[in-house]
Amino acid sequence: QVQLVESGGGLVQTGGSLRLSCVASGSIYSINFWAWYRQAPGKQRELVAGITSGGNTNYLDSVKGRFTISRDNAKNTVYLQMNSLKPEDTAVYSCRVLPNNDWGQGTQVTVSS
């Protein structure tokens, strides 16, 4: 099992930036995929960005060019750099790892207009 703790959420104005962090502990050797998901009120959870153990990344179309996922293996941490934030980015952002399918508790991101 992998334990995940997210941080870095908060309130920011439109056009601002935030960097989310997800620190893993436990059976980290098993992780082959890290991902950030988000869920806004009344909406389905969606995959925002993912990164494989080999460094391949993928992004939700609406965040391409604005968000960047990265990984620091030495710190067992994955980051989500979010730039040019929009009100529609407001959601709870959660970290997920595979293959164990472990999730963090989530961190709130609120973008004011």
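All values below were derived from every heavy atom in this structure, side-chain atoms included, with hydrogens, water molecules and symmetry-related copies excluded.
- Side chain to side chain, Ser17 and Asn83 meet the donor-acceptor criterion of an N or O pair below 3.5 Å.
- Put simply, CG on Asn100 and CD1 on Ile28 are 12.0 Å apart, with the number rounded to the nearest 0.5 Å.
- At distances below 3.5 Å, not a single donor-acceptor pair connects side-chain atoms of Ser27 with backbone N or O atoms of Ser30.
- Considering Leu20, Asp89, Val12 in turn, Leu20 is the only one that fulfils the side-chain contact (heavy atoms from CB on, under 4.5 Å) rule with Met82.
- Hydrophobic cluster membership is shared by Val111 and Leu18, with clusters built from Ile, Leu, Val, Met, Phe, Trp and Tyr side chains linked at under 4.5 angstrom.
- Among all heavy-atom pairs drawn from Val92 and Gln108, the shortest one is CG2-OE1, 3.2 Å.
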Run the numbers on Ile31 and Val2 for side-chain contact (heavy atoms from CB on, under 4.5 Å), then give the verdict. CA-CA 8 Å; Ile31 299 174; Val2 176; 4.0 Å; yes

How far apart are the C-alpha atoms of Asn32 and Ser53, what are their side-chain angles, what is the distance that settles it, and do they pass the side chain to side chain donor-acceptor pair (under 3.5 Å) test? CA-CA 5 Å; Asn32 57 25; Ser53 56; over 6 Å; no

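- To the nearest 0.5 Å, atoms CG (Asn58) and CD1 (Ile51) are separated by 9.5 Å.
- With values rounded to the nearest 0.5 angstrom, Ser84 atom OG is found 7.0 Å from Arg66 atom CZ.
- If you look at Trp36 and Phe67, their ring centroids are not closer than 6.0 Å.
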Tell me, with the steps shown, if Val23 and Leu4 meet side-chain contact (heavy atoms from CB on, under 4.5 Å). CA-CA 6 Å; Val23 181; Leu4 302 169; over 6 Å; no

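- Side-chain contact between Trp34 and Arg71 is present, with heavy atoms from C-beta onward closer than 4.5 Å.
- In this structure, a donor-acceptor pair under 3.5 Å is absent between the side chains of Arg19 and Tyr79.
- Between the side chain of Arg96 and the main chain of Ala35, no donor-acceptor pair closer than 3.5 Å is present.
- Here the side chains of Val78 and Ile69 are in contact, with some heavy-atom distance below 4.5 Å.
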Please assess Ser94 against Gln39 for the test side-chain contact (heavy atoms from CB on, under 4.5 Å), listing each intermediate value before the final yes or no. CA-CA 8 Å; Ser94 300; Gln39 186 167 23; over 6 Å; no

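- With hydrogens and angles ignored, the 3.5 Å screen pairs a side-chain donor or acceptor of Thr107 with a backbone N or O of Gly9.
- A side-chain donor-acceptor contact under 3.5 Å links Thr14 to the backbone of Ser112.
- A distance-only check finds a donor-acceptor pair linking the side chain of Asp72 to the backbone of Ala74 [under 3.5 Å].
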What do the steps show when you test Arg38 against Leu60 for side-chain contact (heavy atoms from CB on, under 4.5 Å), and what is the final call? CA-CA 11 Å; Arg38 68 185 182 188; Leu60 182 68; 3.6 Å; yes

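- The number of heavy atoms from other shown groups lying within 6.0 Å of CD (Gln13) does not exceed 12.
- Contact annotation: the side chain of Tyr59 approaches that of Thr68 to within less than 4.5 Å [non-hydrogen atoms, C-beta and beyond].
- Linking Ile, Leu, Val, Met, Phe, Trp and Tyr residues whenever their side-chain heavy atoms come within less than 4.5 Å leaves Val97 and Tyr37 in two separate clusters.
- Taken to the nearest 0.5 Å, the OG atom of Ser62 stands 8.0 Å off from the CD atom of Glu88.
- In the hydrophobic clustering of ILVMFWY residues, with side-chain heavy atoms under 4.5 Å counting as a link, Leu47 and Trp103 come out together.
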